[in-house]
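Worksheet for the structure shown next.
The basis for the numbers below is simple: all heavy atoms, side chains too, and nothing from hydrogens, waters or symmetry mates. Every chain is numbered from 1 and lettered A, B, ... according to where its sequence line falls, protein lines coming before strand lines.
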Amino acid sequence: MAGLRENTSGQLIILSGFVLCISLVTLAVLVNQAMITGFHSSNAVLEFPKQQIRDITSQTRESCQSMTGLALALNQSNNQGIESNYHSLFSQYKQQMAILYAGHGEEVTLSLSKMNLTSIGTNASTGGTVWVNITYNNGMTYYASEPEIIEVEP
Amino acid sequence: MRHLFKNEDAISATMEYIIFSMLFITFFILLYVSFGDIVMNGPKETVIQNDFSDIGNMMSTLVTDMYLILPENGVIESDYMIPAEVGGEAYSINANLAMTDQIFEMESASGEAISVTISGIATTIPINGTVSSSTINHRISYDSRK
């Protein structure tokens with residue numbers, strides 16, 4: 001203990017210790033400030049159901065097109081009209097979509113509001129139009145396209 | 001000069017005591033006067049600036065994302081969640097139609113403000129509205145029929 005009190009050399013070591021301490025504290029404060037940024041902006045990208053909604057509309061467009069082909073083919077084999085075939089195909093599609101999205105906690109309702117397919121049955125070169133109401137709801141975001149106008153070709 | 005380096009004698013204990021006391025008292029007075037600015041206001045300003053730009057970027061991203069999937073005939077509504085207080089203060093978000101360059105402006109109760117631009121969407125679809133952070137629901141909505 002006597003040697004510790006009388007020994008006067010080694011100030012530079014103590015000084016460098018202080019400098020290191022202060023610089024470490026400054027760095028820690030800076031790092032903590034950097035940590036708090038960027039949460040909300042990245043969370044908005046993740047949480048907003050942009051891809052889901054895009055997927056529903058593009059899938060519905062694609063399915064309406066393929067349902068037209070199926071309804072026409074069924075019209076040849078059974079004696080029901082194109083429109084009634086289309087209605088039953090669409091109700092199956094509607095149910096499948098609702099079940100698929102309900103699995104992820106999202107509500108999707110599709111309904112066929114109007115259709116113009118009479119010219120397809122008579123003239124093979126002309127197209128028809130289908131009006132579909134699409135709604136999507138995941139509790140935070142509500143989307144309604146009423147109607148989505150879809151052009152279909154035979 | 002060489003003498004100064006070799007001499008290991010210091011001043012008397014009384015003088016040292018007086019000098020140190022004066023130094024400490026001066027230091028304490030300085031700290032007392034500027035404590036609020038150094039310890040509270042500086043970090044608070046940094047926190048507010050950081051959080052405001054974060055929330056502003058969130059709003060900008062949300063509006064851009066909604067713009068990308070807008071229905072031709074229909075409605076889209078999106079709720080979002082923001083902190084009720086930033087740096088211990090409530091704040092408001094303004095999307096002002098009157099401004100030529102459409103921006104989100106966030107302003108806190110103490111007047112701290114930050115602006116975020118939204119990539120030129122406002123030229124096709126005007127965006128308008130004001131919201132306070134302390135309200136319960138925050139919503140952005142679009143209706144093609146209005």
Discussion item. Using heavy-atom distances under 4.5 Å, tell me whether Phe48(A) contacts chain B through its side chain, its backbone, both, or neither.
Written reply: side chain
Response to the item:
CZ of Phe39(A) to CG of Asp54(B), rounded to nearest 0.5 Å, is 8.5 Å
Fill in: Separation of Thr141(A) OG1 from Met66(B) CE (nearest 0.5 Å)
7.0 Å
Worksheet, complete the sentence: So CG of Leu62(B) and NE2 of His40(A): to nearest 0.5 Å the spacing works out to 13.0 Å
Discussion item. In this structure, would Val116(B) and Ile127(B) fall into the same cluster of hydrophobic residues linked by side-chain contacts under 4.5 Å?
Written reply: yes
Practice prompt. Below 4.5 Å from any heavy atom of chain B, which atoms of Ile149(A) appear? Answer side chain, backbone, both or neither.
Written response: side chain
Worksheet item: Considering residues, nucleotides and ligands other than Leu27(A), do more than 12 of their heavy atoms fall under 6.0 Å from its CG?
Response: yes
Worksheet entry | Residues, nucleotides or ligands: over 12 heavy atoms within 6.0 Å of Glu153(A) CD | no
Worksheet item: chain A heavy atoms under 4.5 Å from Ile140(B): which part of the residue, side chain, backbone, both or neither?
Response: neither
Worksheet item: Considering only heavy atoms, which portion of Arg139(B) lies under 4.5 Å from any heavy atom of chain A: side chain, backbone, both, or neither?
Response: neither
Worksheet item: Is there a side-chain contact between Met140(A) and Glu77(B) (heavy atoms, below 4.5 Å)?
Response: no
Discussion item. Counting heavy-atom pairs closer than 4.5 Å to chain A, which one of Ser144(B), Pro71(B), Pro83(B) comes out on top?
Written reply: Pro71(B)
Worksheet item: Atom CD in Glu47(A), atom CG in Asp65(B): separation rounded to 0.5 Å?
Response: 12.0 Å
Worksheet, complete the sentence: Among Ser42(A), Pro49(A), Ala144(A), Pro147(A), the residue with the most heavy-atom pairs under 4.5 Å to chain B is Ala144(A)
Worksheet item: When you look at CG of Leu12(A), are more than 12 heavy atoms from neighbouring residues, nucleotides or ligands closer to it than 6.0 Å?
Response: no
Worksheet item: Is any side-chain heavy atom of Arg54(A) less than 4.5 Å from a side-chain heavy atom of Leu68(B)?
Response: yes
Practice prompt. Return the minimal non-hydrogen interatomic distance between Asp79(B) and Gly139(A), and the atom names on each side.
Written response: OD2-O, 4.4 Å
Worksheet entry | Heavy-atom neighbours of Ile136(B) CD1 exceed 12 at 6.0 Å | no
Worksheet entry | For chain A, the option from Ile76(B), Thr61(B), Ile55(B) that forms the most heavy-atom pairs under 4.5 Å | Ile76(B)
Worksheet item: Measuring heavy-atom distances to chain A, does Met59(B) have an atom under 4.5 Å in its side chain, in its backbone, in both, or in neither?
Response: neither
